[in-house]
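For reference, the structure discussed in these notes is given below.
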Amino acid sequence: MSIIRVENLVKSYGGLTAIDGISFEVEEGTIFGFLGPNGAGKTTTINVLCTLISATSGKAFINGHDCAKEPSNVRKSIGIVFQDTTLDKDLTARENLVFHAYLYGVKKSEIRTRVHDALTFVGLYERKDDLVKKYSGGMKRRLEVARGLIHRPRVLFLDEPTLGLDPQSRANLWGVITEMPKKHNVTIFMTTHYMEEAEVCDNIAIIDNGKIIAEGSPEELKKTVGGDVISLRTRDNHWSRQEIKKMFGIDSEEKDGELYLTTGRGDACIPELIRGLGDMVLSVKLQRPTINDVFLKLTGKAIRDEDVSGMSNIKEEVRAYRRRH
Amino acid sequence: MEFNAIYVLVAREFKKFIRERSRLVSAIARPLLWLFLVGAGMSRLVSPKAGMPYTQFIFPGILGMTILFSSIFSSISIIWDKEFGFFKEILAAPVSRLSIVIGKGLSGTVVSTIQASIVLLLFPVLGLKLGLFQILEVLIIAIAVSFCISTFGILLATFYESYESFSVIMNFIVMPMFFLSGAMYPVKLLPKPLAVATKLNPLTYGIDALKNAIFPLEEGPMSADFSLVTDMAVILFLSFTFVVIAARLFERKK
C-alpha cells in the first residue's frame with residue numbers, strides 16, 4: 001500500500017512555479033529520498049504534504065487522508081523535522097518533548113514512557129534536563145527526530161536532516177534514521193542534496209526546477225548511466241586488452257596508461273579478471289556510478305554547484321508574493 | 001477546540017515567565033518608576049482638590065500599563081517564535097487555529113494578571129483603602145483586560161514576520177496606546193481629537209473599569225468616564241472580535 005500518494009501537484013507563487021505537476025508514490029515502511037539542488041521545490045513539496053501551505057492544483061494523500069480536505073487527520077499521521085530548528089531553546093529537552101506530546105493529544109498516562117523511550121532512542125536521555133540552547137547542532141537535530149516520533153506518526157518528514165552537521169553527528173543521525181522504519185514502524189520521507197545519503201534510501205525521486213526527472217531505487221537509477229567502471233594498470237596494456245576481449249567480449253579503452261572497462265557488475269568481474277590476467281595486473285580500481293552521475297547525466301550539471309544567488313532570488317520572490325497576498 | 005493544546009501553551013509561557021527573572025523584575029520596576037517618579041512629580045502640579053492625590057488617580061492607569069506591556073510582550077513573542085522556528089512546531093500540530101489563539105491569549109492573561117496583582121499590593125502605600133470585594137473586582141477586571149490586550153497583541157503579531165518590528169510595535173502602537181488610555185489624565189479633559197482616539201483604544205475601557213472599581217467617585221474631573229457595564233461590555237466584545245479575526249488570519253495558507 002502507498003502511504004503517500006501525490007498526483008499532479010502544482011504550487012505557484014504568481015509567475016513563479018515552485019512545483020510543476022509532480023506525481024509519485026511512497027511505499028509504507030520504506031525510506032524515500034527526495035533529491036535535488038536547493039530551490040528545486042523540495043521544501044515546498046514537504047510544506048504542501050504537511051498541510052502548511054495549500055497546493056495550487058493537484059492532489060496529495062497521506063495515510064489515505066487528503067492533505068487539502070483533512071489537514072487534521074494528515075497532521076496526526078505525520079511527524080516533521082524541518083530544515084531549521086523548531087525547538088524552544090529556553091526549555092529543556094524533556095520539556096520540549098512533553099510540550100509536543102500534549103500538543104498532539106497523547107494520553108497523559110503515556111507521556112512519561114514515550115518521552116523516556118524517544119530520548120533513549122536518540123541517545124539523549126542523559127542530557128534530558130539541559131536547556132536546548134546548550135545543545136550542539138547534532139544533538140538538536142536528534143532531539144527533533146525524537147520529538148517527531150512522540151505521537152507515533154505513520155510518516156516522518158525530514159527536510160535536509162544532516163544539513164550543517166559535522167561528519168560525526170551526521171553518521172550518528174544516519175544510524176538513528178536508518179533504524180527507524182523497522183523499530184518505529186514509520187515511513188521516512190526525506191529531502192537531501194547530499195548524494196551519499198541518497199544511497200541509503202529504498203527509493204529516490206530526483207527533482208529539478210519543480211519537476212521530477214527520475215525515479216527508482218538507487219541501483220536502478222545508477223544503471224541508467226551505464227554500469228561500473230573498472231580501471232586497471234598492467235605491465236602490458238596491449239596484451240591485457242586482448243585477454244579482456246577474449247574473457248568478457250568487451251573492448252576496453254586506454255587512457256593515460258590505464259585501461260578502462262565498463263561492465264554491469266564490476267565487483268563480480270574483478271576476481272575473474274585477476275585470475276585471467278595473473279601477475280600482469282599492477283592495480284585495480286572499481287568506480288561505481290553515483291547518484292550525482294545520474295543527476296549530471298539528466299541535467300548536465302552537478303547537483304551541488306547550484307547558483308546561490310539564484311536561490312535567494314527565488315526566496316525573495318516568494319516573500320514578495322506573500323506580502324502582496 | 002483542543003484543551004490539551006491550550007493547557008500546554010499556557011504552561012509553557014508560565015514556565016518561561018518563572019525562569020526569566022529579568023522579565024519579572026523589569027515588569028515590576030516599570031510601574032514603580034511611573035508611580036513614584038512620574039506620579040510623585042506630577043502630583044505637585046495637580047491639585048488634590050480635584051478629587052484625590054494624583055498618585056492615587058494614576059494607580060488604575062499604572063495597573064493598566066502593567067497589563068498592557070506584559071500582555072503585548074507575551075503575545076508578540078509569537079513573532080520571536082516565528083523567527084526562530086518554534087511557531088512552525090505549533091502550526092504543524094493537529095490543533096485548530098482557534099485553540100492556538102485562545103491558548104496564547106490565556107498565556108498572556110496568566111502572566112499579566114500575576115504582574116498586575118503584584119502591583120496591586122501597593123495600594124496601601126498610596127493611601128488607598130480597598131475592601132475585599134473591591135480587590136476581587138479588580139482581579140476579575142484585570143483578567144478580562146489582560147485577555148483582551150493579549151488577543152489584540154496576537155492580532156498584531158500576525159502582521160509581522162521579523163523581530164525587528166518589535167520596536168515599531170513598541171513605539172507606534174504600545175506607547176500611544178498607553179498615553180491615549182486615560183491612564184495619566186482623565187479622558188473627559190482631553191481636546192476633541194485626542195478624546196476620539198482615546199475612545200477607540202481598547203485599553204481605555206480597561207483602565208476605566210479599574211477606576212470604577214478602585215475609586216467609585218460619582219463625579220468630578222477624576223471620576224471614571226464610562227459605566228462599569230459599558231467598560232466590560234466593550235472589553236468582552238473586543239476580546240471576542242480579536243480572537244475570531246486572529247484565528248482567521250492564522251488559518252490563511254500561502
Side-chain angles (χ1 to χ4, degrees), chain A residues 11 13 44 46-55 67-68 70-92 95-96 98-108 111 131-133 140 144 147-148 151 153 157 159 318-319 321-325, chain B residues 1-24 73-74 77-78 80-104 106-107 111 158-165 249-254:
Chain A
K11 175 67 187 176
Y13 295 98
T44 310
I46 283 204
N47 283 341
V48 171
L49 292 177
C50 297
T51 76
L52 283 176
I53 57 177
S54 45
C67 293
E70 313 161 75
S72 186
N73 284 331
V74 170
R75 285 167 184 206
K76 278 178 197 150
S77 315
I78 61 173
I80 318 163
V81 176
F82 292 104
Q83 209 173 103
D84 306 311
T85 313
T86 60
L87 296 162
D88 188 333
K89 297 174 194 65
D90 297 318
L91 295 180
T92 66
E95 285 165 350
N96 266 288
V98 171
F99 181 89
H100 185 88
Y102 271 99
L103 208 55
Y104 280 75
V106 175
K107 258 199 266 150
K108 229 176 156 182
I111 292 179
L131 290 181
V132 170
K133 62 175 135 194
K140 279 184 200 155
E144 293 199 282
R147 184 177 67 181
H151 58 284
F157 287 92
D159 195 1
V318 170
R319 248 180 240 137
Y321 173 84
R322 286 188 174 159
R323 270 198 294 275
R324 287 195 300 273
H325 294 264
Chain B
M1 220 173 355
E2 294 86 1
F3 291 102
N4 50 322
I6 295 174
Y7 163 77
V8 82
L9 282 167
V10 176
R12 168 181 179 241
E13 181 80 17
F14 186 69
K15 199 156 245 171
K16 293 177 88 165
F17 174 70
I18 294 187
R19 233 166 246 176
E20 283 172 54
R21 297 272 161 71
S22 60
R23 185 169 154 196
L24 186 64
F73 186 84
S74 163
S77 69
I78 289 176
W80 184 272
D81 282 341
K82 272 191 200 170
E83 185 140 37
F84 290 94
F86 188 73
F87 206 61
K88 251 188 175 171
E89 151 82 349
I90 298 173
L91 287 182
V95 173
S96 70
R97 300 320 180 222
L98 184 65
S99 301
I100 296 175
V101 171
I102 291 177
K104 280 307 281 183
L106 289 176
S107 304
V111 297
T158 60
F159 294 105
Y160 296 95
E161 298 293 330
S162 103
Y163 212 65
E164 283 127 47
S165 42
L249 290 176
F250 277 137
E251 201 74 60
R252 201 173 44 161
K253 287 182 196 167
K254 289 171 181 172

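So that the names make sense, note that chain A is the first sequence line, chain B the second, and so on, each numbered from 1.
Residue A:Glu144: no heavy atom, backbone or side chain, is found under 4.5 Å from chain B. With a 4.5 Å cut-off on non-hydrogen atoms, A:Phe82 touches chain B through its side chain but not through its backbone. Only the side chain of A:Ile80 comes within contact range of chain B, with at least one heavy atom under 4.5 Å from a heavy atom of that chain. Residue contact with chain A, scored on non-hydrogen atoms closer than 4.5 Å, involves the backbone and the side chain of B:Lys88 alike. Using a 4.5 Å cut-off between heavy atoms, A:Thr85 contacts chain B through its backbone alone, with no side-chain atom that close. In this structure, no portion of A:His151 lies under 4.5 Å from any heavy atom of chain B.
Counting only distance, with no hydrogens or angles, the side chain of A:Arg75 and the backbone of B:Leu91 share a donor-acceptor pair below 3.5 Å.
Remark: A:Lys89 NZ is packed, more than 12 non-hydrogen atoms of other residues, nucleotides or ligands lying under 6.0 Å away.
Taking CG from A:Asp90 and CZ from B:Phe86, the interatomic distance works out to 10.0 Å, rounded to the nearest 0.5 Å. If you take CD on B:Glu83 and CG on A:Asp84, they are separated by 11.0 Å, rounding to the nearest 0.5 Å.
Against chain A, the residues from residues 1-9 of chain B that qualify, each with a non-hydrogen atom under 4.5 angstrom away, are B:Asn4, B:Ala5, B:Tyr7, B:Val8, B:Leu9 in number order.
When the side-chain contact (heavy atoms from CB on, under 4.5 Å) test is applied to B:Phe17, the partners found at least two apart in sequence or on another chain are B:Arg23, B:Leu24, B:Val111, B:Ile114, B:Gln115. Every residue two or more places apart in sequence or in another chain that forms a ring pair (Phe, Tyr, Trp, His ring centres under 6.0 Å) with B:Phe84 is listed here: B:Trp80. Residues that satisfy the side-chain hydrogen bond (donor to acceptor under 3.5 Å, both in side chains) test with A:Lys76, not counting sequence neighbours, are absent from this structure.
Ranked by heavy-atom pairs under 4.5 Å with chain A, the list B:Lys16, B:Glu20, B:Glu89 is led by B:Glu89.
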message: Apply side-chain contact (heavy atoms from CB on, under 4.5 Å) to residues A:Tyr102 and B:Val95 and explain how you reach the verdict.
response: CA-CA 11 Å; A:Tyr102 271 99; B:Val95 173; over 6 Å; no
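By the 4.0 Å N-to-carboxylate-O rule, B:Arg12 lies close enough to A:Asp88 to be salt-bridged with it.
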